[in-house]
**Student:** 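A single structure is presented below for examination.
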2 protein chains.
Amino acid sequence: MQKLPTVVARMWGREPVSRRGPRPGLTLDRITDAAIEIADAEGLAGVRMSSVAARLGVSTMSLYGYVASKDELLTAMVDAAAPDPPEPGTLPWREYLSVWTRANRDFLACHLWLLEVSPLTPPTGPRTLRWLDRALTVLTGAGLTAAEAINITSTLSAYAASSATLLSAMSGTVDETGPEGLAGYTALLTQLVDAGTYPGLAAALESGAFGAAPDWVEDADFTFGLTLLLDGIEALITRRRKG
Amino acid sequence: MQKLPTVVARMWGREPVSRRGPRPGLTLDRITDAAIEIADAEGLAGVRMSSVAARLGVSTMSLYGYVASKDELLTAMVDAAAPDPPEPGTLPWREYLSVWTRANRDFLACHLWLLEVSPLTPPTGPRTLRWLDRALTVLTGAGLTAAEAINITSTLSAYAASSATLLSAMSGTVDETGPEGLAGYTALLTQLVDAGTYPGLAAALESGAFGAAPDWVEDADFTFGLTLLLDGIEALITRRRKG
DNA sequence: GCGCTTCTCCGTACAAGATACACTGTATTG
DNA sequence: CAATACAGTGTATCTTGTACGGAGAAGCGC
C-alpha cells in the first residue's frame, strides 16, 4: 500500500484532511476547469502554470499545493475533461460499444488537446477508468475473457482517437505544416508526390478522395470503420459461444 | 505552387542549390540521425537543440540553417526514423496488410518516442508517405475506393500505434505514474478501484488479465486484434466484389 | 487568552532551453 | 582583386517551470 501520487490522491478525493491552518481557497476541480477552458480556447500551448493561475486570480506558485508538477496538472485535466460514459443499461453489446466509441470520439473532438496529452498515459482517474470499466463490463458480459475485453477496448479507443485526429486534421487546427488544414495538406502532397514512386497515393489524390470531407461524410466514414471493427468482434463472440 | 516549409523541402532533396560561399558542413540526414540516436537512448526529453548540436560537434545555432525550428526537427526525425515499408510484391492484400501493420508496430516499438511526436502530424516525408502509399495501393487494388482505403489505412496505423503504446506501458518506460510500468499500474488500480462502481474493471484485475503479458502473449494479443480488423475488411471487400 | 504549530499562499530567484541578431570568415564570381 | 552570398558562431533575450523561504491565518493545548 504505497503512497499515491499527489494528483491521483486528489482526483479520488483522498487528499489528507487537516483542520489546522487556513482553509484551502482552491480545489483541484477549479484548477482543472480553468486549465481546460484555456486549452479549449487557445490550445495546449496556452496552458501555462502562470496562465492558469492568472485565470483563477491566484499566484502561480499556489497551484503547486494541488499538483506536484505541470505534468500532474495535465493528468488531472485529462480525467476532468472526460464526461460520464454512456451507461449500458439493457443495450445489447453491439449497440453499446457503438455508442461508447462514438461518444469517445465526440469528446476527444471537443477537446482536441487531449490527443496531444493522453496517448501515453494509461488512465488513472475515476472518470477515465469508468469509461474503461463500462466497456469491459459489456464485453465480458458478452462472453469474452478479460484479456480479450481489454484488448478490444483499447482498439476501440485507438479508433476513436484516430478518427478524432482525422477530424482535427480536416478542421485545419493542425501543426500548420502548410497554409492550413486539409486544403494545404493536399496541395502539399500534390506538389511532392509523383505517380511513379507513389502510385496509390497519386491515384487517391487525383480521385479527390482526400479533399471531400464535410461533417456528414466524415461521420459516414466513422460509421464505416466502426462497423468493420464491430463485425470482427461479433465474429469472435459468436465463435466463443459455440466453442 | 507555394513555397515549401524549409524542412519539407530538404526532406525531399529540394534544398536550393547554391555555388557561393563555404560548403555546407552538415546534412539534414546527419542531424536527424544524431537526434534519433539521442531520442533512442535518452528519450525525447534528451533531444535539445544544444544536445543534438553537441553530438555533431557544431554550435547550437548552426542547426537553424537546416531546420526552421525544433518542431521542424521533430518532423524530420519522424520521417527519418521510418524504415522502408515492406513491398507488396505479389502478396494477397490480407497477407500484405498483416505484414504492413506488424512492421509498423515494430518500428514504433523500436522508437517509442515516435508515439509522443507523430500522432498529430499528418505524414509529409518521403518515407512515411511511402508507407501510406503501399497500403493504399494494395487496398484499391483489392477493389476498394480511395476514400475507403484511406480510412482503413488510418485505422490500421492507429491499431499499430495503440499496440505499441501497450507494449511501452508494459516495459515500464512510461511517464512513471507509479513506481514503474505495468506492475505499479495494476497495484495502483487495485488500490483505487472498488467492485461496486467499477465491476468490470475489478473483475479484470482479479482475473489477473492485466498482469500477465510477456512478449509472446502480447504478440498473440496483437495478432488477435489484427485478425478482428482484417476480418472486417475482408467482409467489406467481398461485399464490394459481389455488388 | 497565549504561544505553538501547521497550514495556505505569495514573491523572488534561478535554471533550462529555444531562438533572434549581428558578426566572422570563406569560397565563388566578375 | 573586389564584391557577394552564404555557413557557422557567440551572445543576448525571452519564456517557462519550479525551488525556497517568508507571512499571515486558523486551530490546538495549556
Side-chain angles (χ1 to χ4, degrees), chain A residues 5-7 9-10 14-32 34-35 38-39 42-77 113 116-117 175-176, chain B residues 3 5-7 9-10 13-32 34-35 38-39 42-77 113 116-117 175-176:
Chain A
T6 335
V7 110
R10 246 182 242 272
R14 307 259 178 102
E15 64 269 18
V17 205
S18 66
R19 221 158 291 281
R20 294 281 181 93
R23 287 296 156 74
L26 292 173
T27 348
L28 182 58
D29 281 343
R30 285 194 45 209
I31 295 176
T32 50
I38 296 177
E42 310 172 29
L44 201 55
V47 177
R48 272 151 275 146
M49 296 307 272
S50 49
S51 65
V52 175
R55 169 172 284 248
L56 291 165
V58 298
S59 82
T60 304
M61 289 311 292
S62 56
L63 301 183
Y64 284 90
Y66 300 81
V67 295
S69 66
K70 186 180 179 180
D71 256 15
E72 284 204 353
L73 172 60
L74 295 178
T75 305
M77 284 172 68
W113 48 269
E116 295 173 53
V117 193
D175 267 313
E176 306 101 29
Chain B
K3 225 180 310 168
T6 334
V7 113
R10 245 182 245 273
R14 308 258 179 102
E15 62 269 18
V17 204
S18 66
R19 221 158 291 280
R20 294 279 184 92
R23 287 297 156 73
L26 292 173
T27 353
L28 182 57
D29 282 342
R30 286 193 46 212
I31 295 175
T32 50
I38 295 177
E42 309 172 32
L44 201 57
V47 177
R48 272 151 277 146
M49 295 308 272
S50 50
S51 65
V52 175
R55 169 172 284 247
L56 292 165
V58 298
S59 81
T60 304
M61 289 310 292
S62 58
L63 301 184
Y64 285 90
Y66 300 80
V67 294
S69 66
K70 186 179 181 181
D71 255 16
E72 283 204 353
L73 172 60
L74 296 178
T75 305
M77 287 172 67
W113 48 270
E116 297 172 52
V117 192
D175 267 313
E176 308 100 31

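Just so we're on the same page: letters track the sequence lines, and every chain starts at 1.
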**Student:** Among all residues two or more places apart in sequence or in another chain, which pass the salt bridge (charged side-chain N to carboxylate O under 4.0 Å, His left out) test with Arg55(B)?
**Tutor:** Glu37(B)
**Student:** Please report, rounded to the nearest Å, how far the C1' atom of dG17(C) is from the CG atom of Leu73(B).
**Tutor:** 14 Å
**Student:** Write down the distance between NZ (Lys70(A)) and C1' (dA19(D)), rounded to a whole number of angstrom.
**Tutor:** 18 Å
**Student:** Using five pairs at each end of the helix from dG1(C)-dC30(D) to dG30(C)-dC1(D) to define an axis, what is the angle between those two axes, to 10°?
**Tutor:** 10°
**Student:** Nearest whole Å is fine: how far is dC7(C) C1' from Tyr66(A) OH?
**Tutor:** 11 Å
**Student:** Considering only side-chain heavy atoms of Ser59(A), which listed nucleotide, dA18(C), dC10(C), dG8(D), is closest?
**Tutor:** dC10(C)
**Student:** Which of these nucleotides, dA7(D), dC10(C), dT19(C), is closest to any side-chain atom of Pro24(B)?
**Tutor:** dA7(D)
**Student:** Would one find a side-chain N or O of Ser62(A) under 4.0 angstrom from OP1 or OP2 of dC10(C)?
**Tutor:** yes
**Student:** So, Glu72(B) side chain and Val7(B) main chain: donor-acceptor pair closer than 3.5 Å or not?
**Tutor:** yes
**Student:** For Tyr64(A) and dT16(D), give me the distance from atom OH to atom P, rounded to whole Å.
**Tutor:** 13 Å
**Student:** Mind listing the closest non-hydrogen atom pair of Gly46(B) and Ser51(B) along with its distance?
**Tutor:** O-OG, 2.8 Å
**Student:** For the side chain of Thr6(A) and the backbone of Val67(A), is there at least one donor-acceptor N/O pair under 3.5 Å apart?
**Tutor:** no
**Student:** Could you encode protein contacts along nucleotides 22-30 of chain D as a string, one character per nucleotide from 5' to 3', using B for base contact, S for sugar-phosphate-only contact and - for no contact, with a heavy-atom cut-off of under 4.0 Å?
**Tutor:** --BBBSS--
**Student:** Not counting sequence neighbours, which residues clear side-chain contact (heavy atoms from CB on, under 4.5 Å) with Glu42(A)? List them please.
**Tutor:** Ile38(A), Arg48(A)
**Student:** When the distance from CG of Leu44(A) to C1' of dG17(D) is rounded to whole Å, what number comes out?
**Tutor:** 15 Å
**Student:** Quick one: is dG17(C) close enough that its OP1 or OP2 comes under 4.0 Å of any side-chain N or O from Ser50(B)?
**Tutor:** no
**Student:** Which value, rounded to the nearest 0.5 Å, describes the distance between Glu15(B) atom CD and Tyr66(B) atom OH?
**Tutor:** 9.5 Å
**Student:** Test of understanding: with side-chain contact (heavy atoms from CB on, under 4.5 Å), list the residues that count as partners of Glu116(B), not counting sequence neighbours.
**Tutor:** Leu120(A), Leu44(B)
**Student:** Rounded off to whole Å, could you give me the CG-to-P distance for the Leu63(B) and dA7(D) pair?
**Tutor:** 14 Å
**Student:** Under 3.5 Å, which protein N or O atoms sit close to an N or O of nucleotides 11-14 of chain D? Give each pair with its distance.
**Tutor:**
none

**Student:** Once side-chain contact (heavy atoms from CB on, under 4.5 Å) is applied, do any residues pair with Ala54(B), and if so which ones, sequence neighbours excluded?
**Tutor:** none
**Student:** What is the distance, rounded to the nearest whole Å, between atom CE of Met49(B) and atom P of dA20(C)?
**Tutor:** 10 Å
**Student:** Got a list of side-chain donor-acceptor pairs under 3.5 Å for residues 21-32 of chain B, not counting sequence neighbours?
**Tutor:**
| from | atom 1 | to | atom 2 | distance (Å) |
| --- | --- | --- | --- | --- |
| Arg30(B) | NH1 | Gly25(B) | O | 3.2 |
| Thr32(B) | OG1 | Leu28(B) | O | 3.1 |
| Thr32(B) | OG1 | Asp29(B) | O | 3.0 |

**Student:** Tyr64(A): what forms a side-chain contact (heavy atoms from CB on, under 4.5 Å) with it, not counting sequence neighbours?
**Tutor:** Met49(A), Met61(A)
**Student:** Where along residues 25-32 of chain B does a heavy atom come under 4.0 Å from DNA chain C, residue by residue in number order?
**Tutor:** none
**Student:** With nearest nucleotide decided by heavy atoms, which residue, Val47(B) or Gly57(A), maps closer to the 5′ end of DNA chain C?
**Tutor:** Gly57(A)
**Student:** Would you mind classifying the nucleic acid contact of Thr60(B) as base, sugar-phosphate or nothing, using non-hydrogen atoms under 4.0 angstrom?
**Tutor:** base
**Student:** Determine whether Met77(A) and Val47(A) satisfy the following criterion, side-chain contact (heavy atoms from CB on, under 4.5 Å), listing intermediate values before the conclusion.
**Tutor:** CA-CA 11 Å; Met77(A) 284 172 68; Val47(A) 177; 4.3 Å; yes
**Student:** For the pair made of CD in Glu15(A) and C1' in dT8(C), what is the distance, rounded to whole Å?
**Tutor:** 14 Å
